[in-house]
Amino acid sequence: MWQETDLLLWKPPAAWFSINAFFVPDGAGRRLRNWYVNFEHPTRRTETGFDTFDLTVDLLIHPDLTGWEWKDEDEYAHVRRLGIVSDTEHQAVDDARAQVLAMLADRAGVFAHAQRWAAWSWEPAWPTPRLTRPTVAAEGGAPEGG
């Protein structure tokens with residue numbers, strides 16, 4: 001599934017979700033297979049990149065946005081029972097679910113331009129993105145050497 005799948009990902013830094021567009025080969029080109037919303041912790045910048053934490057529940061959306069279904073709700077209920085997802089995190093996920101469903105219904109956010117994004121493709125001539133090293137705040141930053 002992942003070997004021939006291209007992924008375009010939107011991850012607003014403070015959001016409790018990311019929105020993913022999965023593309024698969026189709027003849028000489030490729031096509032949008034589906035939209036996929038992953039519910040997760042907001043992204044944190046680290047020394048080596050970015051960190052987040054998957055909260056197990058996901059939303060699978062048809063390429064034309066006409067239908068959707070929840071995925072892994074049983075797994076989400078299980079991690080809730082185990083205490084892996086706290087009450088605070090659960091409330092954030094519920095709020096994020098409502099936010100994403102509203103964006104989908106209103107065709108807002110990424111979904112406002114879904115047809116254009118469905119036709120998106122990576123230009124091979126584009127340079128490989130490079131991350132700059134994160135800056136350390138003057139107050140409360142890591143001490144020199146460690």
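FYI, side chains are in, hydrogens and waters are out, and symmetry mates aren't considered; it's all heavy atoms of this structure.
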ask   = Yes or no on side chain to side chain contact (heavy atoms under 4.5 Å, CB included) for L7 and Y36, after CA distance, side-chain angles and deciding distance?
value = CA-CA 10 Å; L7 169 68; Y36 191 94; over 6 Å; no

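- Side-chain contact check for H62 versus W35: every heavy-atom pair is 4.5 Å or farther apart.
- Here L55 contributes atom CG and Y76 contributes atom OH; the two are 6.5 Å apart, rounded to the nearest 0.5 Å.
- Electrostatic pairing of R97 and E73 counts as a salt bridge here, judged by a charged N lying under 4.0 Å from a carboxylate O.
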request  = List the steps and the verdict of side chain to side chain contact (heavy atoms under 4.5 Å, CB included) for H78 and T56.
outcome  = CA-CA 10 Å; H78 184 68; T56 70; over 6 Å; no

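- In this structure, CZ on F22 lies 10.5 Å from CG on L8, to the nearest 0.5 angstrom.
- Here the OG1 atom belonging to T43 is positioned 6.0 Å from the CD atom belonging to E40, to the nearest 0.5 angstrom.
- When the options V57, I61, L60, N20 are evaluated for a side chain to side chain contact (heavy atoms under 4.5 Å, CB included) with V37, the one that passes is I61.
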task = Please step through side chain to side chain contact (heavy atoms under 4.5 Å, CB included) for the pair F39 and L59, ending with a clear verdict.
result = CA-CA 8 Å; F39 293 88; L59 183 64; 4.2 Å; yes

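- The aromatic rings of H41 and F53 lie tilted to each other, with the angle between the two planes from 30° to 60°.
- Between R45 and D51, none of the side-chain N atoms (NZ, or NE/NH1/NH2) sits under 4.0 Å from a carboxylate O, so this pair counts as no salt bridge.
- Ring orientation note: the planes of F23 and W120 are tilted relative to one another, at an angle of 30° to 60°.
- Not counting sequence neighbours, the partners of R107 by the side-chain contact (heavy atoms from CB on, under 4.5 Å) test are L65, L104.
- A donor atom on one side chain and an acceptor atom on the other are found under 3.5 Å apart for S86 and E89.
- Between W117 and W10, the gap from one ring centroid to the other is short of 6.0 Å.
- If you check the side chains of D95 and Q99, you find no donor sitting under 3.5 Å from an acceptor.
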